[in-house]
Asker: 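Sending over a structure as structure tokens; questions will come in a sec.
Computed over heavy atoms, backbone and side chain alike; hydrogens, waters and symmetry mates excluded. Just so you know, ligand 1 is whichever comes first in the structure, and atom 1 is the first atom listed for that ligand.
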Amino acid sequence: MTQESPVYALTRGTQPLLLSIPHLGTELPADIAAQMNDVASVLRDTDWHLDRLYEFAASMGASVLQAKLSRYVIDLNRPPNGESLYPGKTTTGLCPTETFPGESLYAPGQEPDAAEQARRLEGYWRPYHDALTSELARIRAEHGCALLWDAHSIASVLPRLFEGKLPDLNFGTADGKSCDGDLLKQVITVAGKSPFTIVVNGRFKGGYITRHYGRPEDAIHAIQLEMCQSLYMNEAPPFEFEPDKAAAVQPVLRGMLESALAHVRKLNAR
Ligand SMILES: [Zn+2]
């Protein structure tokens with residue numbers, strides 16, 4: 001069953017696993033697009049093609065929640081009060097006004113004011129989080145536990161945000177607070193057998209979704225995976241999906257999700 005809204009699509013699964021893809025969206029409402037410039041229309045900071053990369057998750061019985069609107073409208077992985085996720089570091093905000101490399105997204109003087117940001121929060125941010133909250137609650141009620149996998153991808157080199165090239169797989173668990181420690185170990189063990197480079201709670205520690213919803217004491221375990229886009233796509237416009245590359249990373253993703261799911265079930269059976 002798929003539940004559609006202007007902001008998201010939610011497909012319900014049969015397992016205690018929710019895959020959230022908050023930066024997949026590429027739509028810009030016409031009134032907002034009219035205030036933006038040509039840089040915005042390239043949508044370069046999108047987490048491109050993650051629905052396609054994780055297509056196997058539905059066959060595993062996962063619920064899948066995916067955003068339709070661009071992160072340039074409002075960032076679903078930022079706290080509603082607009083606080084920085086990484087105080088002291090360069091990062092984009094709740095309603096970004098710049099791309100990751102620092103180019104302006106808006107025509108001069110057209111940046112969203114406080115009232116406009118509040119409107120986007122209620123109209124575009126809130127519905128995604130309401131859907132996430134209720135789907136997690138449904139899963140938790142049905143299975144007694146839930147695994148939330150927040151899926152992201154990013155350009156592998158962004159000098160304004162981090163030095164050098166990012167490791168391939170960047171796991172974030174709010175410095176260990178958002179999921180069971182052994183669960184994370186299981187996932188890292190699977191990832192460690194792959195050819196990909198790994199870091200845990202490095203530059204990316206999990207955004208608002210991981211930090212807010214991950215409550216291992218309540219049997220809700222959240223992991224964010226920030227992945228280099230070089231693993232499965234062309235990082236330059238028009239950002240094509242590259243099936244041969246993707247075929248190498250998909251079994252690793254599947255293996256991580258399967259072992260995490262098995263571990264969450266085991267924890268719950270205790
Ligand atoms: Zn992302």
Asker: Measuring from the Zn ion (ligand 1), name the closest N, O or S atom belonging to His23.
Answerer: ND1
Asker: Please check if atom CG in Asn81 has more than 12 non-hydrogen atoms from other residues, nucleotides or ligands closer than 6.0 Å.
Answerer: yes
Asker: Taking the six-membered ring of Tyr72 as reference, does the cationic atom of Arg120 (NZ for Lys, CZ for Arg) lie under 6.0 Å from its centre and within 45° of its axis?
Answerer: no
Asker: With a cut-off of 2.8 Å, does any N, O or S atom of Asp47 fall short of it relative to the Zn ion (ligand 1)?
Answerer: yes
Asker: Among the N/O/S atoms of His152, which is closest to the Zn ion (ligand 1)? Give the atom name.
Answerer: ND1
Asker: Can you confirm if the NZ or CZ of Arg52 lies within 45° of the ring axis of Tyr232 and under 6.0 Å from the centre of its six-membered ring?
Answerer: no
Asker: Using the side-chain hydrogen bond (donor to acceptor under 3.5 Å, both in side chains) definition, which of the options Asn77, Thr46, Asp75 pairs with His23?
Answerer: Asp75
